[in-house]
Engineer: 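Take a look at this one; I'll ask things after.
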Amino acid sequence: MHDDRELIEARLRRVLDERIRPAIYPESVPLEVSVWNAPDEPVPVAEGLAATPEPIEVGRLWGAPWGTSWFTVSGTVPAEWAGRTVEAILDLGFDENKPGFQCEGLVYRPDGTPVKGLNPRNQWVRVGSPVEGGEEVRLHIEAASNPVILDYHPFLPTNMGEKETAGTDPLYLLTRMDLAVFDETVWQLVMDLEVLGELMHELPADGARRWELLRALGRALDAVDLQDVGGTAAAARAELAGVLSTPAVPSAHRISAVGHAHIDSAWLWPLRETVRKVARTTSNMTALLEDEPEFIFAMSQAQQWAWVKEHRPEVWAKVTKAVATGRFVPAGGMWVESDTNMPGSEAMARQFVHGKRFFIDEFGVDNEEVWLPDTFGFAAGLPQIIKAAGSKRLLTQKISWSQTNTFPHHTFLWEGIDGTRIFTHFPPVDTYNCSMQGRELAHAARNFKDKGVARHSLAPTGWGDGGGGTTREMVAKAARVRDLEGSPAVTWETPAEFFAKAEAEYRNPPVWTGELYLELHRATLTSQAKTKQGNRHSEALLREAELWAATAAVRAGAAYPYAELDRLWKTVLLHQFHDILPGSSIAWVHREARRTYEVVAGELNAIIDAAQRALAGDPSGGTLVFNGAPHARHGVPAGGATRPALPRATDARAREGGGYVLEDGAVRVEIDGRGLVVSAYDLTAGRETVAPGRAANLLQIHPDFPNKWDAWDVDEFYRNTVTDLTEADEVGLEDGTVVVRRSFGASSVTQRLTLSEGRLEIGTEVDWHETEKFLKLAFPFDVHADRYASESQYGHSYRATHTNTSWEAAKFEACNHRFVHVAEPGWGVAVVNDSTYGHDVTRTVEDGGTVTTLRVSLLRAPRFPDPETDQGVHVFRHALVPGAEIGDAVREGWSINQPERRVPGDAEVEPLVAVDDDAVVVTAVKLADDESGDVIVRFHESRGGRARATLRAGFPVAEVVTTDLLERPTGEPRRPEEALSLALKPFELVTLRLKRA
Ligand SMILES: [Zn+2]
């Protein structure tokens, strides 16, 4: 037979595009349109509905950037359409390639009932099926003219990311506002042709099935009269019925489709817009669930549910009704889909506490699945936290974005730092925006790494990022590939249903130990420094607020601020969302975040002040030092207050050859005439810290213009060009502190170096006015080490200092919490910080010695999506700790993040709880969230070894019970004598509930 394959394929494309798709709506009449533009920010629904609109014609521009326009459309269904299906087509100026990134709308009836959301892939509202003819139609559209930030030429700097700089020129062309006849048979024919055509292209050209599809499609096109598509569509469908009913082969890959709309809680739009995006999407999805009985939709991020409940009660009513059917499913159990690299131990835990509690309280749903499709890498401390929250499974697809290495499994056990293993699935479809295209389904089946032993994968299906969700077209396509030869078999299922099948079929899955490092988006550890500082400082203040408020409640009968702490925690948790804390949002989001963190700090400091005043006794009786860190310091116990002890004296003197020498009996530091640390000599160990001939505290600046994703990415080639900032404007001594001033480019920096009790504190104040540059602070150590430790949640993990394999080479920028530690047997050194996360560690061999260089990442200056990223003044605090063992690194890391507080008073405060082994670190002391008055204590082994310790309660305890993170008992209540004698395994995390006697 002659080969006419490409001829028929081209015919299908043209006939679909030019004749069949346009015939879905064969007749239409225009609606009358009027519009009222809200003067500034969005208004309540009732106000939008009550406003008086002015007429506007289709073909006119509307919508200033970030504006809200309330459209009213009205018309009458023509009498001659009686018996037909009629829809309103409402095209606000949509570009179908930009769902979620463009203008959007929510359609209401005149009584304020939400109907459904409008977006580029969802422009219709059903009027009636069948209509009688003569019906009056009146709808209102709350339309948001959100500007496009990520355009066809992506990553160009834009002023659209901030309302004040975005201008007022209207952005969108009102394109179509019609009533139209919807020809369902033609629409079904389009679905048939798309599914079979897409499948055909995925099949081997030498296989019979491909040709069967080609021949059937050819016959169907023959059956279509191009002048009467509607009249011949049924005949064309009949030609396809045979190939559509051939069942899937027995070994076909099985896909659990989960309806989804991954909505970023803020990103290229501000938080307030996400509230509306969620309302639009959930309105859309509740409508689709009513129309499509097989469909299942899952939505994560308790915060987004809470927004609907608080701000859109009329939408919330529909959502709760849909949840009751079991087909609108709360997914995961976190407050937001947070970053997991940077949130501290307790914050990571509280993401689960508040997320799970919301779903339990509202719906009685306690999920075992963690749903993080888009998060930029996963810290090795996470498995233990997932387990402690009562969950056991994880889903993400993000690691498929790695630039260098292909992850070897799609379904596996992920093992964290303490040995906890979590059943994990990476959807092989490699997207959270699956749209049921043949190409996507075939990719999932081909890509699935666990073929032969497992058969199931999950496909999050629906438009996400900016929202929108699943469409009726995706549901129609899924129905056709439920059991179709040549295609994976697709079924709508909940995440829990998928995981149950995947676990059952894969009894002995492979294991991946340690972090799930994303080989991309590494600069998210540094971009938007003030957002990161706000997070770190808020976490420290939350710890202190709980500790001192609990102490004041138990000791002084003070009221515990349950509601305030609950609200403040949720605010901080929201800002850990994976485009806020990582610094990848527009200027508007980060400006608001900076302001929010200031307010949070003010409120938390007020809680701390009130609690400490309640404890401190007579304010005229002298000064007390409150120690909020989990280790004793300067004679003040952890979680207690005493009178201050005198710090050890530090000697400061001029250095021969220029500069200064600082010495305190433990360490002697030499700072040269350039303001660089050329020696940090450990007097106890008799050992030098700084590599021979090198200098620490060296600021280095690199050009930093990644190929894509400016705020997200730093590409490896940035290291090829570097300028050492060795020229000092001034190096002087002020009150025992060496002060170094430098200028470079359009920027300047002042550093203050102070030696105190064996650690060199470095305060760095930068007035930053660079463009596309990366600023690092380098510490070359005379240390021979194959690996280094970075603090993570409830412990630390190791990374290689060498680059033997592509996996190790790819980790050229990584995350730490409070410390990075490098060591040889018997001696180590730590650098601790109060607010930085990004760092790199490299290894060189010079003159026969190994140099291990730690570089702290301070600042970047990307221009997308915020063109002014990080411009202005920043203050960072670091400390170099020579001779630090890992336990010292833990302690010093805490110390720099939890400064002592001096409070007037005379009543020394005994700690509420005390542990007699520094390896056991108490991360939280608080009253139980159930307001029972029980004291909650959470602690972990912090060094990676075994610990035996006794926990002493500074109040009468009736009984003790171990709990999960949600403070739910996990064991039997025990007597305090036995329960408070602790034996911990490496990095083991424990939560105890202490019932007061
Ligand atoms: Zn996202």
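Because the structure is predicted, anything quoted here is derived from the model rather than measured. Residue numbers count from 1 along this sequence. Excluded from the calculations below are hydrogen atoms, water molecules and symmetry mates; all remaining heavy atoms, backbone and side chain alike, are included. Both counts, for ligands and for their atoms, begin at 1 and track the order of listing.
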Engineer: For the residue pair W371 and H260, is the inter-centroid distance of their aromatic rings smaller than 6.0 Å?
Structural biologist: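 Yes, ring centres under 6.0 Å apart.
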Engineer: Measuring from the Zn ion (ligand 1), name the closest N, O or S atom belonging to D264.
Structural biologist: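 Result for D264 and the Zn ion (ligand 1): OD1.
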Engineer: Once rounded to 10°, what is the value of the angle centred on the Zn ion (ligand 1) between H578 NE2 and H262 NE2?
Structural biologist: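 It comes to 100°.
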Engineer: The Zn ion (ligand 1) and D465: any N/O/S contact shorter than 2.8 Å?
Structural biologist: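 No, outside the cut-off.
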Engineer: Report whether any nitrogen, oxygen or sulfur of E337 sits less than 2.8 Å from the Zn ion (ligand 1) (N, O or S, backbone or side chain).
Structural biologist: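 Under 2.8 Å: E337 has no N, O or S contact with the Zn ion (ligand 1).
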Engineer: Are R393 and F498 in a cation-pi setup, meaning NZ or CZ lies under 6.0 angstrom from the ring centre and within 45 degrees of the ring axis?
Structural biologist: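 No, a cation-pi geometry is absent between R393 and F498.
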Engineer: Using a strict threshold of under 4.0 Å (side-chain N to carboxylate O), is an ion pair present between E198 and R439?
Structural biologist: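 No, this pair does not count.
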Engineer: Tell me if the CZ atom of F705 is crowded by more than 12 foreign heavy atoms within 6.0 Å.
Structural biologist: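 Check fails, neighbour count at 12 or below.
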Engineer: Does the side chain of I385 come within less than 4.5 Å of F352's, by heavy atoms?
Structural biologist: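 SC-SC contact between F352 and I385 confirmed.
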Engineer: Can you name the N/O/S atom of D374 that is nearest the Zn ion (ligand 1)?
Structural biologist: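 Atom name of the closest N, O or S in D374: OD2.
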